[in-house]
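Below, chains carry the letters A, B, ... as their sequence lines are ordered, and counting in each starts from 1.
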Amino acid sequence: MLGALLECTTPEGTTVGRIVETEAYMGEDDPACHAAAGRTARTAPLYGEPGSAYVYFIYGRYWCFNAVTRAAGLPSAVLVRAVEPVTGIDLMRARRPLARSTADLTSGPGKLCMAMGIEVRHNRLPLDRRPLLIRAGERIADRDVLVTPRIGITKAADWPLRWIVKGNPFVSGRR
DNA sequence: TCGAAGATTGTCT
DNA sequence: GACAATCTTCGAG
């Protein structure tokens with residue numbers, strides 16, 4: 001998914017970002033995956049169609065966007081942790097008045113959802129059509145991809161399941 | 001009904 | 001670097 005384009009259309013307009021950071025959550029046997037708790041009202045979207053959205057609310061404040069992957073019934077997903085703004089940057093700025101730079105607009109899972117207007121109404125939507133779309137973008141060469149442990153979790157914190165575009169300034173966290 | 005934890009961000013020191 | 005904000009989810013009682 002690195003290099004692919006994430007596009008979200010709302011009544012305010014369309015925003016597009018290039019995906020530069022992802023994390024994998026590998027089903028019920030992954031202690032950090034929400035599906036480790038089994039199938040509940042919250043995790044049900046993870047068990048849905050591959051290629052649909054899983055959007056959840058965290059820390060009473062923020063939305064996080066995932067693409068459901070693998071086969072139906074296997075609750076795995078890819079969390080999009082950062083995108084590089086491509087289209088609709090003015091709209092992103094309006095939605096994130098606290099952002100102090102362009103890189104601050106979408107360099108985190110909560111930030112990019114704020115900037116792009118992704119929220120619960122997008123939960124479970126298919127990702128191959130509007131309003132929420134992932135489409136092909138630039139191909140990232142393997143030598144430009146870095147794999148690291150996942151961020152911000154306590155369980156299985158050492159599993160190398162985070163992928164970033166090497167040196168990209170829009171990746172989350174501190175350099 | 002209650003309590004605790006959480007795939008984060010922003011502010012303050 | 002520490003910690004507050006804020007609320008949904010789920011298990012226990």
Distance in Å, A:T106 OG1 paired with A:I89 CD1, rounded so as to fall on 0.5 Å steps: 8.5 Å
Rounded distance [0.5 Å steps], CZ in A:R135 versus CG in A:L5: 5.0 Å
Tell me if a side-chain donor or acceptor on [X] pairs with a main-chain N or O of [Y] at a distance below 3.5 Å.
{"X": "A:T43", "Y": "A:G38", "value": "yes"}
{"X": "A:R96", "Y": "A:D104", "value": "yes"}
{"X": "A:D30", "Y": "A:A32", "value": "yes"}
{"X": "A:R124", "Y": "A:S52", "value": "no"}

A:E21: which of A:K111, A:R162, A:K166 passes salt bridge (Lys or Arg N to Asp or Glu O under 4.0 Å): A:R162
Separation of the P atoms in B:dA4 and C:dA4, to the nearest angstrom: 16 Å
Qualifying ring pair (Phe, Tyr, Trp, His ring centres under 6.0 Å) pairs with a residue from residues 145-173 of chain A, counting only residues at least two apart or across chains: none
Bracket notation of DNA chain B in which parentheses pair within the strand, [ ] cross earlier pairs, and | pairs with another strand (Watson-Crick or G-U, under 3.5 Å): ||||||.|||||.
Atom-pair distance (CD on A:E21; P on B:dT8), nearest Å: 10 Å
Sequence-aligned protein contact record of nucleotides 1-7 of chain B, with B where the base is within under 4.0 Å of a protein heavy atom and S where only the sugar-phosphate is: -----BB
Between N or O atoms, less than 3.5 Å apart, protein on one side and nucleotides 10-13 of chain B on the other: list the pairs.
{"from": "B:dG10", "atom 1": "OP1", "to": "A:R96", "atom 2": "NH1", "distance (Å)": "2.8"}
{"from": "B:dG10", "atom 1": "OP1", "to": "A:R96", "atom 2": "NH2", "distance (Å)": "3.2"}

All salt bridge (charged side-chain N to carboxylate O under 4.0 Å, His left out) counterparts of A:R42, not counting sequence neighbours: none
Contacts of type salt bridge (charged side-chain N to carboxylate O under 4.0 Å, His left out), residue A:E119, not counting sequence neighbours: none
